[in-house]
Amino acid sequence: MDGVLDLNLIHLFTFYLAAAFTLSTVRRLRQYHDVAQLVLAAPNRWPRVMRQIKGHWIMFLTWATLRPAAVALGLLLAQMVCSRLIWPSANLSLRDLFDEWWILPPVLVAMAAMLAVDLYFIIRVGEVGREETEQYLDEAEHWLTSWKGPLIHTITFGYINPREMVYVEVKKAVEEGRGLLHRTLWWVSAQAGLRTAYGLILWVAWALHADQPSPPLATDPPTAILPGPAAPPPGHAA
C-alpha cells in the first residue's frame, strides 16, 4: 500500500499516455487492415467510382481532421519534455495529495473523466463493414461501365440516368462519411481535452505542493545550526 501511495503521478501519466495510444492502436488493427485492403484494391477494381470520389476528397482535408492527431501528439511531447527535461525531479504522489486534501478532489474528478472516455474508446471499436462496402462499390462500378446505363437513359428519354444516380449516391455517401468523421473527431478532441486537463491539474498541484514552506528545524537558532544533546528543561539540576 505504501508503494502505491508513493507512486509519482506525473511520470505515471507519461506512461499512461503511451499505454493508451498503444492499446487503442492494437484494438483497431482490424479496422486499419480493412481500410488498407479497400484502398489498395480501389484503383484497379473500382476506377470509375474512384474518379467520382476524388472530386470530393477536399471535403475530408480540413483542420477538424488534423486537429485531434496534432493535439494528442503535442500533449505527449509536452508531457515528456516537462517531466524528463525541464522538471525531471518533479514528484507528486497520492500521499502528497492526501496531505493537501483540497487538491485531491479536482485531480480525482479529472482522472475519472479521462479514464471513462479512454476506456470507452478502447473497449468499443466499430466495424468498417468491408464486405458490404465492396458490394456497394461493385454495383456502382457496374452501372458506370455497363451498357445498360446509357440504354435506360435513352429509353426513358433522359428521365432516368443511372450514371447520374450513381454520382448522386457517391456524393451522398461521401457527405455522410464526412459527418461521421467529424463526429468521431469531436469525441477524439474531447478525449485529448480531458487528458490535457488532467495533465495541467497534476502540474498545478505539484507546483502548489512544491511551494509549501518546509517546517522549521528548531525554534532555538543555535540548536538548529549546531548538533548536540537537547537542552535540559528549566529547573532541572545540572
Side-chain angles (χ1 to χ4, degrees), residues 17-76 116-195:
L17 291 176
F21 174 79
T22 303
L23 288 175
S24 297
T25 302
V26 171
R27 288 283 293 152
R28 285 162 176 78
L29 285 179
R30 183 176 178 181
Q31 281 187 341
Y32 301 149
H33 176 266
D34 290 342
V35 171
Q37 291 297 318
L38 290 172
V39 170
L40 293 175
N44 297 325
R45 187 171 175 180
W46 310 291
R48 292 180 180 269
V49 177
M50 290 301 103
R51 284 197 290 270
Q52 299 281 351
I53 294 177
K54 285 180 181 179
H56 308 287
W57 69 273
I58 193 66
M59 298 165 66
F60 292 96
L61 192 59
T62 63
W63 174 237
T65 307
L66 304 176
R67 180 180 60 230
V71 171
L73 180 60
L75 174 61
L76 180 58
V117 174
D118 284 345
L119 286 176
Y120 175 81
F121 276 99
I122 290 175
I123 296 174
R124 184 179 176 84
V125 178
E127 296 290 338
V128 174
R130 176 183 166 188
E131 295 182 358
E132 182 180 354
T133 302
E134 288 178 343
Q135 293 176 1
Y136 174 80
L137 293 174
D138 286 338
E139 183 178 357
E141 185 70 21
H142 170 74
W143 283 108
L144 290 175
T145 57
S146 174
W147 55 269
K148 298 178 183 179
L151 178 61
I152 294 176
H153 183 260
T154 302
I155 293 175
T156 59
F157 300 100
Y159 285 101
I160 299 178
N161 188 347
R163 294 186 177 180
E164 181 66 22
M165 293 171 64
V166 169
Y167 174 80
V168 172
E169 288 299 319
V170 168
K171 183 179 180 180
K172 180 181 177 182
V174 171
E175 291 176 349
E176 291 178 354
R178 182 182 65 173
L180 176 61
L181 177 64
H182 284 182
R183 287 192 298 271
T184 302
L185 294 177
W186 187 91
W187 279 106
V188 174
S189 297
Q191 185 181 34
L194 290 173
R195 292 177 180 179

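Just the heavy atoms: all of them, side chains too, but no hydrogens, waters or symmetry mates, feed the values below. Predicted model, so just to flag it, every value in this text is computed and none were measured.
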Practice item. Side-chain contact test, heavy atoms from C-beta onward, threshold under 4.5 Å: evaluate it for D118 versus R195 and give yes or no. Key: yes
**Study point:** Option among I123, I122, L119 that satisfies the side chain to side chain contact (heavy atoms under 4.5 Å, CB included) test with L23
**Key:** I122
Contacts under 3.5 angstrom, residues 148-155 side chains, donor-acceptor by atom type, not counting sequence neighbours:
| unit_1 | atom_1 | unit_2 | atom_2 | d |
| --- | --- | --- | --- | --- |
| T154 | OG1 | P150 | O | 2.9 |

Point to revise | Results of side-chain hydrogen bond (donor to acceptor under 3.5 Å, both in side chains) for E141 - residues two or more places apart only | key: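 In terms of side-chain hydrogen bond (donor to acceptor under 3.5 Å, both in side chains), with neighbours along the sequence ignored, E141 is linked to no residue.
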